[in-house]
Amino acid sequence: EVDFNLEMVHNVSSIYKMYFMELPDKLIPEEFYLDYKREGKVEDEEEKKKNTVNLISKFPESNQRVFIDLVSFLSEVSQYSSINNMTAKNLAICFAPTVVIPASISLDPHALLCDTHIITDYLRFIIENCNEIFPLKPY
């Protein structure tokens, strides 16, 4: 069993975020950004889960692994939101800019304003449903 004391979780989360900010490319490759955004708009939850698996399977293998590890970790953190106040929504707000939103969108205030809610809400959905979406790790 993992000890999820607040200091350790904060440190691990901070390291993850710093790591993703330093990457030359986002964890979700830019060529999949529009697909990610489109899937974020899907209303039917079962369809969205299936589409998420299909989308992530198109990523380079290393991106798939790290993305699944990240959302699994964030899902675990969110299980303790009554203690740490980090709900899936709060975690998505913190991590979406560093793992999803490409520089081309980040530099365009209008696009960023239009896309942020969709991108963040979709990451929240993935965090909340990660055990159903990714029941088996790809490694």
Spacing of CG belonging to D69 relative to CG belonging to L74, to within rounding of 0.5 Å: 10.5 Å
Taking only Lys NZ, Arg NE, NH1 and NH2, and the carboxylate oxygens of Asp or Glu, determine whether E47 and K50 approach each other closer than 4.0 Å. no
In short, L123 meets Y36 closest at the heavy-atom pair N-OH, 3.2 Å
Side chain to side chain contact (heavy atoms under 4.5 Å, CB included) for I133 and V71? Distances and angles first, verdict last. CA-CA 10 Å; I133 296 170; V71 295; over 6 Å; no
Please determine whether residues I101 and L34 belong to a single hydrophobic cluster, defined as Ile, Leu, Val, Met, Phe, Trp and Tyr linked transitively by side-chain heavy-atom distances below 4.5 Å. yes
What pair of heavy atoms forms the shortest contact from I127 to A88, and how long is it? CG2-CB, 3.7 Å
Value rounded to 0.5 Å, distance of CG in L91 from CD in E76: 12.0 Å
Verdict with reasoning, Y19 to L70, per side chain to side chain contact (heavy atoms under 4.5 Å, CB included): CA-CA 12 Å; Y19 169 75; L70 175 64; over 6 Å; no
Could you walk me through whether I126 and F134 pass the side chain to side chain contact (heavy atoms under 4.5 Å, CB included) test, one step at a time? CA-CA 9 Å; I126 295 170; F134 309 114; 4.1 Å; yes
Give a yes or no on whether the backbone of L55 and the side-chain of D35 come within a donor-acceptor separation of less than 3.5 Å. no
Show the nearest heavy-atom pair for residues I119 and V100, with the distance to one decimal. CG2-CG1, 3.3 Å
Is there a continuous path of hydrophobic side-chain contacts, each under 4.5 Å between heavy atoms, that joins F67 to M21? no
Work out which heavy atom in K49 is nearest to a heavy atom in E132; give both atom names and the distance. NZ-OE1, 2.6 Å
Less than 4.0 Å between a side-chain N and a carboxylate O, is that true for R65 and E61? yes
If you round to the nearest 0.5 Å, how far is CZ of R38 from CG of N51? 8.0 Å
State whether the side chain of Q79 and the backbone N or O of S75 hold a donor-acceptor pair below 3.5 Å, judged by distance alone. yes
D121 side, atom CG; I93 side, atom CD1 - distance, nearest 0.5 Å: 9.5 Å
Using every non-hydrogen atom in the two residues, find where I118 and C114 come nearest and quote the distance to one decimal. CD1-O, 4.0 Å
Heavy-atom pair with the smallest gap, counting every atom of T120 and A96: OG1-CB, 3.8 Å
If two hydrophobic side chains count as joined below 4.5 Å and joins carry through other members, does F20 share a cluster with I56? yes
Greater than 12 external heavy atoms within 6.0 Å of E22's CD: no
For F59, does its backbone N or O pair with a side-chain atom of Q64 as donor and acceptor, under 3.5 Å? yes
Quick check with a 6.0 Å cut-off and a 45 degree axis cone: is K58 positioned over the face of F32's six-membered ring? no
Listed partners of Y33 passing side-chain hydrogen bond (donor to acceptor under 3.5 Å, both in side chains), at least two apart: D115
Residue pairs fulfilling salt bridge (charged side-chain N to carboxylate O under 4.0 Å, His left out) with at least one residue in residues 94-112, sequence neighbours excluded: none
Hey, could you give me the CZ/OG distance between F73 and S78, rounded to the nearest 0.5 Å? 10.5 Å
Would you say the side chains of Y16 and T98 form a donor-acceptor pair under 3.5 Å? no
Joint cluster assignment, V66 & I68, ILVMFWY side-chain distance < 4.5 Å: yes
Checking side chain to side chain contact (heavy atoms under 4.5 Å, CB included) between Y122 and each of H117, K48, K37, which is the one that passes? K48
side-chain hydrogen bond (donor to acceptor under 3.5 Å, both in side chains) partners of S104, counting only residues at least two apart: E30
I'd like to know if the side chain of N63 reaches the main chain of I28, judged simply by a donor and an acceptor atom lying under 3.5 Å from each other, with no hydrogens or angles considered. no
